[in-house]
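Read the structure below first, then the notes.
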Amino acid sequence: MVEPIDTYADQFMVTITSWGANLSFLVNTPHPEATKPVAAERVATIRMSNEHLKVIAMIIVRQIKKIETDSGVKCEVDSRVLNSLGIAPEDWDEFWKR
């Protein structure tokens with residue numbers, strides 16, 4: 001039997017190919033030294049079909065929109081994060097209008 005994973009992640013990587021998708025979740029060291037960068041530690045990799053990934057993505061977006069509507073609180077993402085991911089603010093806004 002597979003042991004369930006219950007962990008925290010503050011980074012992720014996604015790889016999508018014609019054959020499927022891999023989502024890896026990572027965690028940074030809590031107190032990195034500026035002079036000694038440490039790579040994030042992988043805590044889990046989940047593999048699935050591209051179809052499964054697409055369904056999960058839609059359900060997650062739907063649930064985020066619902067909790068924001070129900071609570072009246074927007075989950076804002078800092079512009080520095082978007083910039084580091086190469087996401088233009090107008091693309092971000094357009095995505096969340098849908």
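One is the number of the first residue; the rest follow in order along the sequence. Side chains are part of it too, since the values below use all heavy atoms of this structure and drop only hydrogens, waters and symmetry mates.
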To the nearest 0.5 Å, what is the distance between CD1 on I16 and CG on L23?
7.5 Å

According to a hydrophobic-cluster definition based on side-chain heavy atoms being under 4.5 Å apart (Ile, Leu, Val, Met, Phe, Trp, Tyr only), do L85 and V14 belong together?
yes

Please indicate whether M48 has more than 12 foreign heavy atoms, meaning atoms of other residues, nucleotides or ligands, lying under 6.0 Å from its CE.
yes

Kindly write out the residues that satisfy side-chain contact (heavy atoms from CB on, under 4.5 Å) with T69, not counting sequence neighbours, or none if the list is empty.
none

For D78, side-chain hydrogen bond (donor to acceptor under 3.5 Å, both in side chains) partners two or more places apart
R80

Between CD on residue E3 and CD1 on residue I5, distance to nearest 0.5 Å:
10.0 Å

Apply side-chain contact (heavy atoms from CB on, under 4.5 Å) to S79 and list each qualifying residue two or more places apart in sequence or on a separate chain.
none

Hydrophobic clustering (ILVMFWY, side-chain heavy atoms < 4.5 Å, transitive) - are V55 and L53 grouped together?
no

Can you hop from I60 to M13 via hydrophobic side chains spaced under 4.5 Å?
no

Which residue pairs pass the ring-ring contact (aromatic ring centres under 6.0 Å, His included) test with at least one member in residues 36-92, sequence neighbours excluded?
W92-W96

Could you pull out every donor-acceptor pair under 3.5 Å between side chains of residues 29-47 and any protein atom, sequence neighbours left out?
from, atom 1, to, atom 2, distance (Å)
R42, NH1, T45, OG1, 3.0
T45, OG1, S24, OG, 2.8

Kindly give the heavy-atom pair with the smallest separation between V61 and F95, and that separation in Å.
CG2-CZ, 3.7 Å

Could you see if I67 belongs to whatever hydrophobic cluster contains V77? Use Ile, Leu, Val, Met, Phe, Trp, Tyr and a side-chain cutoff under 4.5 Å.
no

K66: which residues meet the side-chain hydrogen bond (donor to acceptor under 3.5 Å, both in side chains) condition with it, sequence neighbours left out?
D70

